[in-house]
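Worksheet: one structure, shown below.
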Amino acid sequence: MRVLIGGGSGFIGAAIRRILVSKGHDVVTVSRTPGQGKITWPQLQESGLPACSAVVSLTGENVLNPAKRWNEKFKNEVVRSRVDTTRALANAINNTSEKPEVFVTISGVGYYEPSETAEYNEDSRGGDFDFMSRLTTDWEDAGRLAKGTRHVIVRSGVVLGKDGGAFQQMVWPFWFGVGGKIGSGSQYFPWIHVEDIAGLFVHAIESGNVSGILNGVAPEAITNYQFTKSLGSALWRPTVLPLPEFAVNAIFGSERAIMLTKGQKVVPKRTLESGFKFQYPNIQSAMKNLVG
């Protein structure tokens, strides 16, 4: 099987690519720069979709980049990097006579409204209460533009892995003994190990009976406090210095700080029903891998 990945050189894309190659699949990446095994976005637009059995969309500017001020310019970058690139892949699918079998797109659990009491599965409503939720709606709708191809949307939680992503930024304060909960710590922290999110994408590609929404989160739902204690315990470090909510708001701006100070209890109901098996279903098993 030949798989085309938009955003395939990033943290999650690299993990998906490793699994696909190990299973004998051929992988082509859509990238900003040309190279072996790559095509560029302008080439995709000019020459159309190369022959492939599956298309994956992973692109997206890092919303929680502290070096970027949260203003209209950056918000537009965040939208374009997700919605426009997904739409470009959907249009390429529509414009080819030889349709791929499946189009798998990434989204986020920001679709669901933050709550300390509600529990969300793939059938729960959302996507219309703030900037991030409306962004996920537009992001998912861009993928739905593709016609005549099975479509799977993976709503991902925070992806944890030693080689990149959020965990690399989170772990350093704990190494120095200054880590702690964010705000009250009672907010849910929907998470997934990078090997599981990559495996879920491959599962969606290879399983012809899978379509629609899959929540890309681990089966064990935990709070920020529980995550903090688990990481501190794994590193043999104290977790006594909380990061106040006002400080997070000052660093990131309140509109995006909500991704850290608030959370959702999200469960992978349809994901499990589809037959997917998690390598790291709970935070204890994940931590053994992450800090081992």
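Quick caveat, the model's predicted, so the values are computed rather than measured. Positions are given from 1, in the same order as the sequence printed here.
- Summarising the geometry, atom CG belonging to Asn94 is positioned 11.0 Å from atom CG belonging to Leu89; distances are rounded to the nearest 0.5 Å.
- Residues Phe278 and Phe276 place their aromatic rings such that the two centres sit under 6.0 Å apart.
- Between the side chains of Ser211 and His151, no donor-acceptor pair is found at a separation under 3.5 Å.
- Ser115 places a side-chain N or O within donor-acceptor distance of the main-chain N or O of Thr117, the cut-off being under 3.5 Å.
- In this structure a side-chain-to-backbone donor-acceptor pair under 3.5 Å is present from Arg150 to Ala204.
- Checked for salt-bridge contact, Glu113 and Arg125 miss the test: no charged N lies under 4.0 Å from a carboxylate O.
- Under the 3.5 Å distance criterion, with hydrogens and angles disregarded, no donor-acceptor pair is assigned to the side chains of Ser31 and Thr29.
- The same ILVMFWY cluster, assembled from side-chain heavy atoms under 4.5 Å apart, contains both Met287 and Trp172.
- Side-chain atoms of Gln169 do not come within 3.5 Å of backbone N or O of Phe167 as any donor-acceptor pair.
- Interatomic distance, CZ of Phe103 versus CD1 of Ile153, reported as 9.5 Å (0.5 Å rounding).
- Between Lys265 and Glu116 there is no salt bridge, since no side-chain nitrogen of the basic residue lies less than 4.0 Å from a carboxylate oxygen of the acidic one.
- A distance-only check finds no donor-acceptor pair linking the side chain of Ser230 to the backbone of Phe227 [under 3.5 Å].
- In this structure, the side chain of Gln168 engages the main chain of Lys162 through a donor-acceptor pair within 3.5 Å.
- Contact annotation: the side chain of Ser53 never approaches that of Pro100 to less than 4.5 Å [non-hydrogen atoms, C-beta and beyond].
- Side-chain contact, Tyr112 with Asn121: no donor N or O sits under 3.5 Å from an acceptor N or O.
- Between Leu44 and Ala92, the shortest heavy-atom contact is CD1-CB, 4.0 Å.
- Judged by distance alone, the side chains of Ser57 and Thr86 do bring a donor and an acceptor atom under 3.5 Å apart.
- The pair Glu140-Arg82 does not count as a salt bridge, with every side-chain nitrogen at least 4.0 angstrom from each carboxylate oxygen.
- Formation of a donor-acceptor pair under 3.5 Å by the Asn76 side chain with backbone atoms of Glu72 is found in this model.
- Between Arg87 and Asn91 the shortest side-chain heavy-atom distance falls below 4.5 Å.
- Proximity of a side-chain donor or acceptor of Thr137 to a complementary backbone N or O of Gly127 within less than 3.5 Å is detected.
- The closest donor-acceptor contact from the side chain of Arg256 to the backbone of Asn65 lies under 3.5 Å.
- No more than 12 heavy atoms of other residues, nucleotides or ligands shown are found within 6.0 angstrom of CZ on Arg32.
- The neighbour count for Gln279 CD, taken as heavy atoms of other residues, nucleotides or ligands under 6.0 Å away, is above 12.
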**Request:** Test Ser81 against Asp84 for side-chain contact (heavy atoms from CB on, under 4.5 Å), laying out the working first.
**Result:** CA-CA 6 Å; Ser81 68; Asp84 291 1; over 6 Å; no
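- Residues Glu122 and Thr271 are in side-chain contact: their nearest non-hydrogen atoms beyond the backbone lie under 4.5 Å apart.
- A salt bridge is defined here as a Lys NZ or Arg NE, NH1 or NH2 lying under 4.0 Å from an Asp or Glu carboxylate O, and Arg80 with Glu77 fails to meet this definition.
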**Request:** Start with the C-alpha distance between Thr239 and Lys229, add both sets of side-chain angles, then the distance that settles side-chain hydrogen bond (donor to acceptor under 3.5 Å, both in side chains), and finish with yes or no.
**Result:** CA-CA 7 Å; Thr239 56; Lys229 288 299 180 183; 2.9 Å; yes
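- In this structure, Val178 is not a member of the same hydrophobic cluster as Phe246, with clusters built from ILVMFWY side-chain heavy atoms closer than 4.5 Å.
- The aromatic ring centroids of Trp139 and Tyr111 lie 6.0 Å or more from each other.
- Residues Asn62 and Phe74 share a closest heavy-atom pair of O-CZ, 3.5 Å.
- Electrostatic pairing of Glu61 and Lys68 counts as a salt bridge here, judged by a charged N lying under 4.0 Å from a carboxylate O.
- Within the 4.5 Å cutoff, side-chain heavy atoms of Val109 are placed close to those of Val217.
- Side-chain contact between Tyr188 and Ile222 is absent, with no heavy atoms from C-beta onward closer than 4.5 Å.
- Atom CD1 in Ile283 sits 8.5 Å away from atom CG in Leu231 (nearest 0.5 Å).
- Remark: the backbone N or O of Ile182 is paired with a side-chain donor or acceptor of Asn224 at under 3.5 angstrom.
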**Asked** Can you check side-chain contact (heavy atoms from CB on, under 4.5 Å) on His25 and Arg2, steps first, answer last?
**Response** CA-CA 6 Å; His25 299 303; Arg2 193 181 200 203; over 6 Å; no
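- Rounded to the nearest 0.5 angstrom, Leu64 CG and Phe252 CZ are separated by 5.5 Å.
- Transitive grouping of hydrophobic side chains (ILVMFWY, heavy atoms separated by less than 4.5 Å) brings Ile12 and Leu200 into a common cluster.
- Nearest heavy atoms, Ile106 versus Leu58: CG2-CA, 3.8 Å.
- Side-chain contact between Ile205 and Val3: present, with at least one pair of heavy atoms (C-beta onward) separated by less than 4.5 Å.
- In terms of hydrophobic clustering, with Ile, Leu, Val, Met, Phe, Trp and Tyr side chains grouped at heavy-atom distances under 4.5 Å, Val291 and Tyr280 are assigned to different clusters.
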**Request:** Report the C-alpha distance between Val63 and Met132 in whole Å, list the side-chain angles of each, state the deciding distance to 0.1 Å, and finish with yes or no for side-chain contact (heavy atoms from CB on, under 4.5 Å).
**Result:** CA-CA 10 Å; Val63 177; Met132 294 307 301; 4.1 Å; yes
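- Using modelled atom types and a 3.5 Å distance limit, the side chains of Thr149 and Lys99 yield no donor-acceptor pair.
- A side-chain contact (heavy atoms from CB on, under 4.5 Å) with Pro50 is found for exactly one of Thr96, Val30, Ile39, namely Ile39.
- Here the NZ atom belonging to Lys269 is positioned 10.5 Å from the CG atom belonging to Asn215, to the nearest 0.5 angstrom.
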**Message:** Using the rule given for side-chain contact (heavy atoms from CB on, under 4.5 Å), can you reason through Lys181 versus Leu243, listing the C-alpha separation, both sets of side-chain angles and the distance that settles it, and then say yes or no?
**Reply:** CA-CA 6 Å; Lys181 65 183 181 180; Leu243 182 60; over 6 Å; no
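- Smallest separation of non-hydrogen atoms from Phe11 and Asp163: CE1-C, 4.0 Å.
- Looking only at side-chain heavy atoms (C-beta outward), Val102 and Val55 stay at 4.5 Å or farther from each other.
- The structure places CD of Gln226 at 11.5 Å from CH2 of Trp191, a figure rounded to the nearest 0.5 Å.
- With hydrogens and angles disregarded, no donor-acceptor distance shorter than 3.5 Å links the side chain of Gln45 to the backbone of Pro42.
- Between Glu119 and Gln264, the closest side-chain pair of non-hydrogen atoms is not below 4.5 Å.
- Grouping the Ile, Leu, Val, Met, Phe, Trp and Tyr side chains by contacts below 4.5 angstrom, directly or via other members, places Val194 with Phe201.
- Scanning all heavy atoms of the two residues, the minimum distance from His203 to Gly275 falls at CE1-C, 4.0 Å.
- Across every non-hydrogen atom of Leu145 and Ala90, the tightest pair is CB-CB, 4.0 Å.
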